[in-house]
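Naming: A, B, ... by sequence-line order, numbering from 1 per chain. In what follows, every heavy atom counts, from backbone to side chain, and hydrogens, waters and symmetry copies are set aside.
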2 protein chains.
Amino acid sequence: MMFEALRKYINQYTSSEISEGAFDTVSKSFTPKHLLKRQFLLQAGDVCKYTAFIVKGAMRQYSLVNGVENIVYFGIENWWMSDRESFTMLTPSQFNIDALEDCDLLLITHDKVQLLKESVPQWNKMAAQMDHRHSIAMQKRIHDAISLTAEDRFLNLIKSNPEFMQRFPQNMIASYLGITPESLSRIRKKLAKK
Amino acid sequence: MMFEALRKYINQYTSSEISEGAFDTVSKSFTPKHLLKRQFLLQAGDVCKYTAFIVKGAMRQYSLVNGVENIVYFGIENWWMSDRESFTMLTPSQFNIDALEDCDLLLITHDKVQLLKESVPQWNKMAAQMDHRHSIAMQKRIHDAISLTAEDRFLNLIKSNPEFMQRFPQNMIASYLGITPESLSRIRKKLAKK
DNA sequence: CAAAACACTTAACAAATGTCAATTCTCCTT
DNA sequence: AAGGAGAATTGACATTTGTTAAGTGTTTTG
């Protein structure tokens with residue numbers, strides 16, 4: 001059952017198991033959604049109405065500038081996807097979010113997130129931890145981007161998210177690293193020699 | 001008075017003015033600290049015990065790898081400085097934070113931050129907004145880093161933080177942009193011609 | 001199944017950035 | 001005010017990365 005993945009996830013972030021009543025409130029706040037590969041959760045110019053919890057599948061968030069895709073995030077099972085800026089400020093997004101595989105998602109609106117924060121302490125705690133982890137991950141990524149070579153960023157990605165290598169095509173990995181597919185191909189060739 | 005800067009800051013982020021009683025609780029949680037230029041708030045290897053509110057002065061957060069400084073953040077008046085990961089997880093930091101000018105700071109520990117979140121609703125609201133703005137700023141920076149040339153990142157920085165140009169030496173601006181001082185010098189020369 | 005679309009690699013060349021060294025300039029300290 | 005340290009610039013050269021184009025292999029889809 002789709003909601004069970006969410007229950008597990010919430011319990012991971014809280015010391016005690018969430019009560020049936022509280023989880024009921026939580027699960028009622030979400031809408032299940034199936035997304036086929038290449039379908040969009042968000043298109044640039046629209047407001048990001050939903051944050052998605054990925055029960056199954058994989059997604060990406062990217063901008064499109066002069067016909068070039070720049071992938072900012074990947075998301076897989078048990079990750080959240082949304083453009084936070086657009087989602088909370090209700091401003092038009094500059095990003096697209098689409099499915100890289102068929103996805104089972106649980107969608108929630110900003111209003112419902114706020115309500116849950118006020119009414120379900122365990123949800124509030126989880127949301128805070130989520131935000132915090134997200135901050136840390138982004139700080140690491142900024143540090144990598146300004147201080148490492150493309151080769152080292154690639155090696156770091158293999159270490160931190162090895163599953164990405166199996167799951168996403170190399171041109172997307174390259175985009176995520178901020179380089180061209182040709183550069184990544186050369187880097188891989190060079191690394192293979194060692 | 002140092003605390004007045006903090007009061008103004010909090011009021012910016014909340015619809016109503018913070019009460020005297022609540023502000024008293026807040027201000028009691030901070031310790032004033034004067035830091036001379038080049039003094040450290042945090043040294044790599046230590047746990048980041050304090051988050052600093054900068055009343056006056058300027059600071060930077062940076063890593064030191066093979067003798068090369070990589071500046072992750074600058075901070076000026078009314079900004080917060082800390083290594084969030086180390087501060088909340090109480091793990092040793094890989095970053096240094098030091099003063100680029102003589103600074104007037106207000107320091108707070110993690111414990112006190114938690115207490116304020118629970119006891120002062122206005123503080124809690126402000127903290128949430130702070131985290132959120134920080135997230136957005138970091139997302140922009142990641143997007144810039146992976147999708148823009150050094151020249152465009154520099155132009156963006158001039159637009160978004162023109163005060164940095166007057167205030168920080170170019171070798172530090174270069175480090176913040178993830179390039180060498182020589183590269184920045186050449187980029188500036190090229191831009192001057194236009 | 002066949003055609004088309006896409007992903008990956010390779011090569012040649014261009015452009016951007018890094019490295020090293022020398023020079024000048026500015027600012028700080030004594 | 002003089003000397004010295006650090007900051008910025010410049011030039012020559014190396015390295016990395018981007019660009020373009022071609023070729024091969026794989027996947028998708030009608």
Can you tell me if [X] touches the phosphate of [N], counting only side-chain N or O atoms and a distance under 4.0 Å to OP1 or OP2?
X	N	result
A:S183	D:dT17	no
B:N171	D:dA8	yes
A:T180	D:dG18	yes
B:K189	D:dG11	yes

Measure from [atom1] on [X] to [atom2] on [N] and round the result to the nearest Å.
X	N	atom1	atom2	result
A:E69	C:dA7	CD	P	9 Å
B:M165	D:dA8	CE	P	12 Å
A:L148	D:dT16	CG	P	15 Å
B:E182	C:dT23	CD	C1'	13 Å
B:I187	D:dT9	CD1	C1'	14 Å
A:F168	C:dC8	CZ	P	13 Å
A:I71	C:dA7	CD1	C1'	14 Å
A:Q170	C:dC6	CD	C1'	14 Å

Practice task
Please tell me which of B:A150 and B:K37 maps to the more 5' nucleotide of DNA chain C, matching each residue to the nucleotide holding its nearest heavy atom.
Solution key: B:A150
Problem - A:R153 to A:Y176 six-membered ring, cation-pi geometry met (6.0 Å, 45°) - result: no
Problem - Neighbour count above 12 (heavy atom, 6.0 Å) for A:E69 CD - result: yes
Handout entry: OH (B:Y50) with more than 12 external heavy atoms under 6.0 Å
Key = no
Exercise for the section: Please state whether the rings of B:F40 and B:Y62 are parallel, tilted or perpendicular, taking 30° and 60° as the class boundaries. Expected result: tilted
Practice task
Would you classify B:P169 as touching base, sugar-phosphate or nothing, given that sugar-phosphate means primed atoms plus P, OP1 and OP2, and contacts are heavy atoms under 4.0 Å?
Solution key: sugar-phosphate
Problem - Presence of donor-acceptor pair under 3.5 Å, side chain of B:R186 and base of D:dG11 - result: no
Exercise for the section: Decide if the gap between the ring center of B:F53 and the ring center of B:Y9 is smaller than 6.0 angstrom. Expected result: yes
